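Each chain gets a letter, A, B and so on, in the order its sequence line appears, and its residues count up from 1. What you see is a predicted model, and the numbers here were worked out from it, not measured in a lab.
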Amino acid sequence: MDHVPENSPSPSPPRPWTAPRLGPDDSLLKDLTPPQREAVLHGEGPVLVLAAAGSGKTRVITRRIAHLLGQGVKPWQILALTFTNKAAGEMRERIGHLLEHSASGAGPVRGLTVTTFHALCARLLRKYAEAAGLKPDFTIYDSDDQSKLCKKVIEGLQLSTANFPPRSVLSAISRAKNELMDAESFAARATDFSSKNVARVYKAYAAALRNANAVDFDDLLLLTARTLERNAQVRGECQARWRYLLVDEYQDTNRAQFLIAQMIAGDGSAPKSGLPGAGDEDDAAGAAAPPKTARGKGPNICVVGDPDQAIYGWRGADISNILDFEEGYPGCRVITLGENFRSTAPILEAADTLIRHNKRRKHKDLFTSRKGGEKPEATLTSNEKAEARVVADWLKSRHEAGAAWRDMAIFYRTNSLSRVMEESLRAFNVPYTIARGTAFYDREEVRNALGYLRVVANPADGVSLSRIINTPARGISKTTQEALEALAQRDEMPMMEACRGAGQIADLNARAVVAVAKFVSQIDAWTGGGTFMGADISGSLADLVDRVIRESGLRAMYVAQASASKSETDAERVDNLDELVSSARQFEQEYDATADAANDPLAADGLVDTPPLLALLRAYLESIALVADADSVDPTQGSVTLMTLHAAKGLEFDSVAIIGMEEGLLPHSRAISMPVAGDAELEEERRLCFVGITRAMKRLLMTSAKYRTIRGIPERTIPSRFLGEIPDNAMVVSDQSESFAEDYDAPAGGWGNDASRNVGSRAAPRPSSGFGGSNANAGQAPPWGASSSSSPARGPSSEFPVGSKVRHPQFGVGIVESISGGASPRAVIRFKDIGSKTMVLEYARLVRVQP
DNA sequence: GTTGCCAAGTTTTTT
DNA sequence: ACTTGGCAAC
């Protein structure tokens with residue numbers, strides 16, 4: 001399928017400028033296809049680049065930036081926005097490389113802004129804190145902090161957390177924030193009892209955040225968008241500074257991000273002297289003018305994306321931002337990059353046939369001029385362990401064939417699938433790393449340490465304060481804390497202030513008052529009484545972190561735990577705390593190297609007088625708050641990478657295995673169970689699968705397990721409809737499950753002709769034997785199951801009548817004493833040695849012992 | 001005030 | 001199965 005690249009649709013319009021004959025630009029244009037070149041050279045005015053998977057998108061963006069710089073555009077006039085730190089870092093690096101190699105003497109790329117939406121917003125909000133209604137030293141709350149705060153708020157409103165689970169209330173609030181709806185407008189739309197209460201929570205939650213001097217992730221975007229919208233001066237300053245805006249992965253922008261980009265781009269007129277015409281370039285700093293082109297072509301906004309790779313709809317991303325871009329920017333140039341330089345033809349063909357099943361889509365031809373290549377493989381295994389073995393084995397054989405570990409990856413829909421895979425890789429001695437950037441900072445001990453640091457940086461941070469005020473135990477009990485909270489609430493002051501005034505609380509005993517006072521003076525010692533100066537303050541972040549971990553007693557607490565329990569994990573906790581100190585030290589060093597706050601026109605005004613140590617601490621905490629899983633992917637490591645399909649976006653690997661290609665997992669059950677308009681969610685799942693497939697350069701393996709153990713119970717599965725949508729002759733299909741399942745009525749012949757076809761054709765009601773049906777397999781022993789005389793315990797409670805003999809994998813044989821019904825039936829079972837225990841039948845893995 | 005045990009929710013994807 | 005939060009005993 002080697003098509004000839006079509007000519008660019010526009011009948012060769014006169015180039016906006018004559019092609020530069022500078023040496024550097026020749027190297028920038030080398031190896032580019034005509035459409036790529038067009039995108040790189042596009043002058044002023046809006047441009048939409050529809051970049052198919054593997055079409056050299058990053059290359060186009062980086063070369064375009066390098067080209068702009070080569071044309072005399074000042075680095076600080078360019079703003080490039082991405083979704084992950086990793087993408088931003090990579091882009092920065094590649095631009096640096098390009099400039100190094102071009103002899104243009106472009107110099108360092110100081111002031112060039114290449115960052116994520118969230119990091120940009122954090123920065124803008126610190127600089128324009130006042131306009132945004134914030135204090136510049138705000139803390140960024142992650143979802144855990146959000147939950148805690150939200151829960152407190154719900155309780156404060158006398159609502160039950162059973163009827164209003166913080167998680168789901170938060171997701172409603174998040175959705176509202178993504179739509180730029182504040183608490184008032186949300187309340188205005190609320191009609192029913194439930195949403196009216198959610199509106200109340202929203203309002204109180206927003207107030208609580210401000211009171212804690214904190215923002216959540218959504219606030220970063222929402223408040224920035226609102227500030228830009230309402231404050232002409234802020235908007236003007238941003239527009240004056242950034243004259244060229246580039247947005248990567250534009251298909252994944254939500255409404256807030258769309259507006260932020262739109263407002264920074266402005267309408268294309270120069271902010272202060274908007275005179276159109278040649279030579280009009282003005283800029284506030286009086287620097288040299290960028291290349292001459294007629295003004296009035298509209299804003300210099302360049303967005304790059306691919307509607308077929310839109311996978312964040314669930315997070316409020318609005319695909320119409322990219323689909324309707326042309327309407328929002330009339331006269332914008334549209335450039336389509338369709339040629340794929342990444343994958344072999346057979347892999348590309350599989351991807352293409354799959355994505356063609358999406359109805360709501362702008363079709364783009366995917367093509368490559370490369371010939372040959374192996375067909376993708378699709379393998380059915382008997383269970384997830386066999387699947388993991390097959391994958392490990394496959395990777396090994398690839399390695400033996402000469403591929404480096406770092407060029408291989410395993411993708412899955414949900415994080416929970418990684419565990420079995422890990423075990424297998426360990427057993428096979430395959431080096432691997434899991435892309436889970438946040439894992440380290442999510443550990444209890446690290447969160448506790450960070451809790452202290454956050455209180456040090458922002459004493460108003462109530463969530464962090466309540467986490468650490470009595471960890472380790474220092475005699476500040478729950479009742480004491482409640483008394484402090486009541487005081488804080490009454491006098492509308494932050495918790496930390498209330499702590500200082502503990503002595504005034506009448507019904508607090510002397511011991512508690514002393515304990516609180518001691519705690520307060522401890523914090524003061526670290527902050528130098530808020531000055532972050534003085535003889536006791538070293539000025540080093542790592543030293544501060546180390547001090548806090550030791551002097552708080554945290555480290556001692558975990559050391560004691562470790563020696564008491566002798567458990568591996570407790571010893572690890574101490575190591576992790578030490579690791580945190582190293583991470584701070586590393587940050588400190590890198591920060592010193594890159595900090596250009598002094599040169600940065602955007603340096604936060606509100607923080608000019610911030611002591612350096614405090615500034616460093618805040619930057620450190622912010623960098624932690626904004627890490628993503630995908631950020632930790634480090635290709636220099638010689639190991640196989642494991643990650644979710646979402647995290648895989650934007651990456652490429654020589655060999656890719658996608659595991660868990662099953663109904664309910666790859667089209668995730670959440671996307672199938674509630675069919676929304678036009679199967680939108682199902683189509684997003686298909687795009688997710690498409691993203692996974694198109695990451696593979698040379699080899700692709702997709703696996704499906706007949707049985708998968710979910711939360712401890714083996715479930716029969718159905719191969720993913722997506723496998724059925726790729727013709728069998730386009731893949732190498734193999735069924736490796738037979739050997740394990742002789743005694744099982746396996747549907748022979750894989751997915752080409754059976755269940756998946758029926759299921760896949762339409763989102764019709766699936767047969768009750770489908771994925772997730774807990775009784776689907778009642779009475780049938782899974783091939784690897786327990787002894788032949790038993791069946792897995794997952795049916796109704798009638799399987800275990802009172803008096804029957806059962807076997808528990810851990811406790812041995814016992815007698816059922818009583819059964820309780822309900823949603824999750826439980827049984828009281830008396831075991832021989834242990835005595836009676838209550839267990840949930842569904843999970844207990846009980847096996848009936850025949851009388 | 002602290003420690004230990006039980007009950008409940010949990011697992012879709014992320015800045 | 002596994003973690004987390006609330007309650008009861010020490």
Side-chain angles (χ1 to χ4, degrees), chain A residues 81-88 115-122 140-144 146-148 151 161-162 165-168 171 174 177-178 215-221 249 252-254 256-257 311-317 411-419 435-438 442 444 470-481 509 511-512 515 622-631 643-649 660 664-673 681 684-685 687-688 691-692 709-713 772 809-810 823-824 826 837-840 842-845:
Chain A
L81 291 174
T82 64
F83 278 84
T84 65
N85 295 304
K86 177 156 186 293
T115 187
T116 65
F117 269 103
H118 286 85
L120 173 79
C121 290
I140 300 170
Y141 273 5
D142 66 21
S143 58
D144 195 64
Q146 287 181 56
S147 291
K148 291 212 163 110
K151 191 170 170 234
T161 48
R167 286 259 162 228
S168 49
S171 85
S174 172
K177 285 186 176 180
N178 284 330
V215 299
D216 63 20
F217 284 129
D218 299 313
D219 279 343
L220 288 173
L221 302 175
E249 307 284 10
D252 286 328
T253 50
N254 64 23
Q257 289 159 330
I311 53 175
Y312 285 103
W314 53 274
R315 222 171 86 186
F411 303 152
Y412 33 78
R413 177 66 232 266
T414 64
N415 276 310
S416 55
L417 295 194
S418 70
R419 213 196 194 112
R436 256 197 310 231
T438 56
D442 278 342
E444 175 202 303
N470 201 33
T471 310
R474 54 169 68 85
I476 305 177
S477 72
K478 212 170 75 181
T479 43
T480 305
Q481 289 178 47
N509 67 40
R511 266 169 75 142
E622 179 172 306
S623 76
I624 290 170
L626 297 178
V627 287
D629 284 357
D631 294 338
M643 67 180 104
T644 64
L645 284 160
H646 282 88
K649 189 181 69 169
L665 215 46
L666 191 34
H668 195 271
S669 48
R670 286 272 233 278
I672 321 174
S673 54
E681 296 195 18
E684 181 155 310
E685 296 289 312
R687 291 195 291 269
L688 196 50
V691 165
T709 304
I710 295 167
R711 290 211 217 66
I713 57 167
Q810 204 185 327
S824 52
R826 287 141 222 262
K837 279 203 159 285
T838 309
M839 32 190 60
V840 180
E842 199 182 343
Y843 298 121
R845 297 233 235 179

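In this structure, CZ of Arg315(A) is placed 13 Å from P of dT13(B), rounded to the nearest angstrom. Atom CZ in Phe411(A) sits about 16 Å away from atom P in dT13(B), given to the nearest Å. For the pair Gln481(A) CD and dG5(C) P, the interatomic distance rounds to 14 Å; values are reported in whole Å. Rounded to whole Å, atom P of dT14(B) lies 12 Å from atom CZ of Phe217(A). Atom CG in Asp144(A) sits roughly 12 Å away from atom C1' in dT3(C) (whole-Å rounding). Rounded to whole Å, atom P of dT13(B) lies 11 Å from atom OH of Tyr312(A). The nearest whole Å value for the distance from the CG atom in Asp442(A) to the P atom in dT3(C) is 14 Å.
Contacts of Asp219(A) classified as side chain to side chain donor-acceptor pair (under 3.5 Å), with partners at least two apart in sequence or in another chain: Lys177(A), Arg210(A).
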Distances under 3.5 Å between protein N/O atoms and the N/O atoms of nucleotides 7-10 of chain C, please, pair by pair.
none

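Residue contacts shown for Asn470(A) are limited to sugar-phosphate atoms, with no base heavy atom under 4.0 Å away. Nucleic acid contact class of Asp218(A) (heavy atoms, under 4.0 Å, all strands): none. Residue-level contact check: Phe83(A) touches the backbone only, with heavy atoms under 4.0 Å from sugar-phosphate atoms and none from bases. Within 4.0 Å of Ser143(A), counting heavy atoms only, lies no atom of the nucleic acid at all.
Each of Arg419(A) and Lys151(A) lies near DNA chain C, and the nucleotide nearest Arg419(A) is the one positioned closer to the 5' end.
Between Ser477(A) and dT2(B) there is no side-chain N or O to OP1 or OP2 distance below 4.0 Å.
Side-chain atoms of Glu249(A) never come within 3.5 Å of backbone atoms of Phe83(A) as a donor-acceptor pair (strictly under, hydrogens ignored).
A cation-pi arrangement is not found for Lys649(A) relative to Tyr312(A), the charged atom failing to lie both closer than 6.0 Å to the ring centre and inside a 45° cone about the ring normal.
Counting only N and O atoms by type, the side chains of Thr480(A) and Ser477(A) include a donor and acceptor under 3.5 Å apart.
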